[in-house]
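A quick write-up on the structure given underneath.
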Amino acid sequence: MSAPNLIGMLPSELEDLAVELGASRYRGRQVATWLYRKGVVDLAEMSDLSKDFRAALAERIRAELPELERATPSQDGSRKLVFRLEDGARVSAVVMPDEGRTTLCLSTQVGCGYACAFCLTGTMGLTRNLTAAEIIGQLLAARAQLADGESLTHIVFMGMGEPLANYAALVQSLRVLTDAKLGLGYSPRRLTVSTVGLVSGIEKLAREDLKVNLAISLHAASDEIRSRLMPVNRAWSLEALMRAVRAYPLAPRQHVFFEYVMLDGVNDTPEEAQRLVRLLRGVRAKVNLIPFNDWEGSRFRRPPLPRILAFQSILLAAGLTTTVRWSKGEDIGAACGQLKEPVVA
Ligand code: SAH
């Protein structure tokens with residue numbers, strides 16, 4: 001087995017490591033500062049650490065970022081970053097600047113095992129989970145190629161894979177992201193974990209006290225339609241899902257996000273909109289309608305705009321905050337549900 005990767009280790013784990021190597025906890029804090037505050041990954045550049053300590057570290061750990069193979073800019077200002085991992089697998093992350101914020105969309109798995117009918121990533125099947133090093137590595141590598149003055153203000157776990165199916169690495173990454181003293185220092189309110197609706201994972205996440213935003217890929221308000229679109233619904237019905245969602249602890253002004261991909265003639269009827277209103281009654285919800293992004297070989301289409309707006313107006317009339325989210329990066333294969341890279345080459 002290869003040595004553990006420094007990237008993705010918690011500051012407290014770096015302190016423990018320093019002590020194991022016969023140094024003080026302070027040395028561990030210095031490493032964390034280099035890594036997460038300054039974005040320096042190369043041990044040789046950590047200039048306030050002694051040569052001996054760096055040598056001892058180098059024997060125990062590696063410090064490697066995923067290799068940024070390609071950065072493709074979109075006409076809308078977003079960029080798709082394709083990373084080549086150590087085993088040759090590829091994943092992508094998307095940087096999306098928008099009205100004073102810049103959101104980074106991270107992948108958590110190579111491929112995905114949930115096979116949602118409308119999702120291109122879902123056609124790949126699951127290859128493997130990413131490590132926390134590979135998840136945080138995407139962020140550090142993305143940060144390194146930002147323009148001066150640009151920063152990643154929001155992080156969404158909405159790239160390839162199902163975050164809650166890679167639970168340990170997800171939570172480790174969230175802890176590094178939210179560590180205010182020596183980690184990446186993100187407010188949990190700027191982090192969003194999106195899920196197909198893994199009830200046991202939502203319940204576990206609720207108990208972590210991380211306070212991150214939860215997004216549910218809902219896509220239908222009736223079991224009949226949802227089970228056709230999302231096989232996961234056969235294991236956890238809407239009722240079980242909504243029970244877990246209602247129990248997820250929210251801060252005073254926090255909401256649960258619901259993603260709803262608009263599929264022509266499938267889930268875009270006024271009746272389904274009414275059902276959605278009933279389903280979300282009493283939930284502090286924000287609904288994002290995502291017009292379907294096409295991919296070659298898919299059997300779905302995006303509804304005509306008036307139909308999308310009619311669906312939205314039913315939700316709005318019922319008092320639900322509802323936005324139509326036009327995906328970024330559609331021209332570069334970076335939009336929601338379009339992420340797929342050749343696994344090895
Ligand atoms: N597996 C997690 C994280 C991925 S988030 C989840 O499903 O929530 C990516 C979002 O894009 C999900 O809401 C997904 O359902 C949606 N999506 C997938 N394929 C799409 C497509 N072709 N067009 C628009 N949205 C799509």
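Computed from a predicted structure; not experimentally measured. Just so you know, these numbers use all the heavy atoms, side chains as well, and skip hydrogens, waters and symmetry mates. Whatever order the structure lists them in is the order used to number ligands and atoms, beginning at 1.
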Side-chain polar contacts of residues 313-322 - donor-acceptor pairs under 3.5 angstrom, sequence neighbours left out - could you list them?
| unit_1 | atom_1 | unit_2 | atom_2 | d |
| --- | --- | --- | --- | --- |
| S313 | OG | L309 | O | 3.3 |
| S313 | OG | A310 | O | 2.9 |
| T322 | OG1 | L320 | O | 3.0 |

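- With no hydrogens or angles considered, a side-chain donor-acceptor pair links E162 and T195 at under 3.5 Å.
- Rounded to the nearest 0.5 angstrom, E45 CD and K38 NZ are separated by 11.0 Å.
- For ligand 1, the 4.0 Å heavy-atom shell takes in F118, C119, F157, M158, G159, G161, E162, P163, S194, T195, V196, S217, H219, E259, V261, I290, F292, N293, W295, C336, G337, ordered by chain and residue number.
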Side-chain polar contacts of residues 197-210 - donor-acceptor pairs under 3.5 angstrom, sequence neighbours left out - could you list them?
| unit_1 | atom_1 | unit_2 | atom_2 | d |
| --- | --- | --- | --- | --- |
| E208 | OE1 | R175 | NH2 | 2.7 |
| E208 | OE2 | Y167 | OH | 2.7 |
| D209 | OD1 | K211 | NZ | 3.0 |

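- Closest heavy-atom contact between S74 and D76: OG-OD1, 2.9 Å.
- Among residue pairs with one or both ends in residues 110-137, those qualifying as ring pair (Phe, Tyr, Trp, His ring centres under 6.0 Å) are F118-H219; sequence neighbours excluded.
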